[in-house]
Protein chains: 2
Amino acid sequence: MMIGRLAADRIERRSGVSLWRQIADKILHAIAVGDFVENAALPPEVALAERYGVNRHTVRSAISALVQEGVLRAEQGRGTFVLSRKRLSYPIGARTRFSTGLQEQTSERHIVLLASSVEPASQRVAEGLGLAKGADVIRLETRGEADGRAVSRAAGWFEAKRFAGIDAAMAETGSITASLARFGIDDYLRQSTVLSARHADAADLADLDLQPGAIVLVTVAVNVTPDGQPIQFSESRFPAERVELKLSAL
Amino acid sequence: MMIGRLAADRIERRSGVSLWRQIADKILHAIAVGDFVENAALPPEVALAERYGVNRHTVRSAISALVQEGVLRAEQGRGTFVLSRKRLSYPIGARTRFSTGLQEQTSERHIVLLASSVEPASQRVAEGLGLAKGADVIRLETRGEADGRAVSRAAGWFEAKRFAGIDAAMAETGSITASLARFGIDDYLRQSTVLSARHADAADLADLDLQPGAIVLVTVAVNVTPDGQPIQFSESRFPAERVELKLSAL
DNA sequence: TATAGATGTCTATATCAATAGACAAATTTA
DNA sequence: TAAATTTGTCTATTGATATAGACATCTATA
């Protein structure tokens with residue numbers, strides 16, 4: 001049998017994605033995988049240019065974008081250095097909680113409530129929560145942050161009748177778990193999670209402080225009480241360059 | 001409290017991703033989400049141009065790329081029609097199997113063995129399988145296809161000593177489950193799954209028949225026997241435009 | 001059979017992306 | 001201190017990307 005060929009470090013031209021963007025992505029990937037080590041210097045520009053088969057100026061465009069993003073720092077005469085940390089590993093399982101899973105990887109994390117509103121349930125929200133379409137639901141828009149970096153952006157929907165005032169509780173406690181506890185929910189489980197990925201749109205870019213072209217992981221999930229009552233429908237977006245999802249307790 | 005603003009259907013300029021590529025991605029997304037319906041006509045080019053705030057010719061570039069990909073069909077004088085099907089929902093859970101989960105969504109699916117080889121275990125493979133680094137492992141390179149479309153591309157590693165000949169079994173049966181059965185493994189469980197997403201690299205583009213700029217979901221997983229012995233370490237890539245991952249039995 | 005509405009083709013122009021080469025400026029090393 | 005290495009800046013050229021407008025061609029419909 002033949003031996004599978006290794007994936008070449010090559011670049012696609014005329015693809016609608018500029019070479020400098022592709023190379024920036026490769027450098028990000030190399031950092032995430034550990035090929036380029038934190039606090040160490042990247043190979044010099046001429047070496048990278050040869051490695052990727054492009055002009056040195058093209059490599060410089062990629063590097064300058066990553067400097068802009070805060071991933072690299074260039075020093076004239078010395079080299080270009082990796083600043084960025086490794087990706088966080090966000091656990092997803094039966095008892096997915098924001099804070100708990102990141103405890104060991106970060107020194108600080110919290111959830112910010114960006115906005116809240118009452119609205120009629122859309123088709124999918126109604127289905128997820130087992131309500132009639134159009135029933136009143138409360139929507140909470142939140143951002144998760146860890147060590148000063150945005151790591152998630154989520155919308156959560158709750159039945160308005162049952163959870164009236166959860167927006168205030170969330171604003172006060174900064175925790176979904178603590179807010180639900182005020183409504184007598186001491187425990188809840190992840191019933192289902194659907195996962196996809198796409199390019200960040202304009203809203204993601206602003207919310208998660210990303211650069212155009214970035215990728216977001218998207219989860220759509222339903223949380224239920226231990227006896228199976230749906231209590232929360234949510235859609236979360238994670239910046240793929242900063243977060244990987246670790247599916248646990250399967 | 002303020003009401004969260006809706007994500008605008010807007011476009012990023014000077015991002016390294018050309019406008020036509022971004023619009024092609026948006027159209028793909030709209031199809032996947034059901035905004036543009038299968039077999040129906042897209043809005044006319046001038047309407048799309050206005051909607052996305054670009055020139056009609058830019059929309060035409062996006063459409064012509066998708067026609068090239070086989071997603072759309074343009075007919076002069078009539079309109080542009082959606083050919084592509086919805087995304088498959090690939091289940092991931094304790095008993096993740098390729099064929100079983102896609103049965104109800106597809107009329108035909110199978111796994112192709114592309115290549116196999118014996119190699120020394122890398123650090124992560126050795127860790128995953130609980131072997132010493134450098135121990136001989138068998139690598140199987142496979143592609144999953146459903147209704148004639150590539151839906152996954154995977155590399156699987158098995159301990160060479162214990163599973164000698166699994167490459168031949170795989171070539172013959174076209175099934176990991178059936179091949180493992182020949183070695184006395186009647187059941188196995190998904191122990192862990194780590195998920196990430198990135199832009200498709202050159203290898204992905206060729207293997208999964210994607211266009212540059214496409215996104216792939218990547219899972220790294222370990223399968224174990226019911227009593228916890230690791231038997232398979234795998235890295236799978238799924239084209240995000242064709243597949244979403246449904247995490248079940250959490 | 002006109003006419004409106006849709007895609008297809010052409011020309012022209014401005015800007016972005018990529019390559020090429022030369023040299024400056026800062027830092028490290030011999 | 002001199003040389004080598006590395007990032008920074010500049011000019012120039014080519015091709016891809018995006019906009020703009022005019023008009024052709026095909027289809028469905030009033």
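Lettering of chains follows the sequences in order, A, B, ..., and the numbering in each one begins at 1.
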Test applied, side chain to side chain contact (heavy atoms under 4.5 Å, CB included); reference residue, A/R237; option that passes from A/V243, A/L217, A/D207
A/D207

Please report, rounded to the nearest Å, how far the P atom of C/dA6 is from the CD1 atom of B/I63.
12 Å

Are the side chains of B/V194 and B/T219 in touch, meaning some heavy atoms are under 4.5 Å apart?
no

Selected nucleotide, minimal atom distance to A/W20 side chain, candidates D/dA18, C/dA17, C/dT7
C/dA17

With a 4.5 Å cut-off on side-chain heavy atoms, are A/W157 and A/E119 touching?
yes

Are B/E141 and B/R153 within salt-bridge range, i.e. N to O under 4.0 Å?
yes

Please tell me if B/S18 has a side-chain N or O lying less than 4.0 Å from either OP1 or OP2 of C/dC16.
no

In this structure, how many angstroms lie between the P atom of D/dT5 and the CD atom of A/E50, rounded?
15 Å

Is the shortest side-chain N/O distance from A/T80 to OP1 or OP2 of D/dT7 below 4.0 Å?
yes

Protein proximity profile, nucleotides 20-30 of chain D - base contact B, sugar-phosphate-only contact S, no contact -, cut-off 4.0 Å on heavy atoms
BB---BBSS--

A/R60 side-chain N/O to D/dT7 phosphate OP1/OP2 under 4.0 Å
no

Given atom CD1 of A/I23 and atom C1' of C/dA18, what is their separation to the nearest angstrom?
10 Å

Should B/R21 and A/V17 count as side-chain neighbours, where that means a heavy-atom distance under 4.5 Å?
yes

Any heavy-atom pair between the side chains of B/V218 and B/R198 that's under 4.5 Å?
yes

Interatomic distance, A/E45 CD vs C/dA24 P [rounded to whole Å]:
18 Å

Going by heavy atoms in the side chains, are A/T142 and A/L114 under 4.5 Å from each other?
no

Residue closer to the 5' end of DNA chain C, A/S61 versus B/L42 (nearest nucleotide)
B/L42

B/L48 CG to C/dG5 P, straight-line distance once rounded to whole Å:
17 Å

Distance in angstrom units between A/F81 CZ and D/dT6 P, rounded
11 Å

Measure from OH on B/Y52 to P on D/dT19 and round the result to the nearest Å.
14 Å

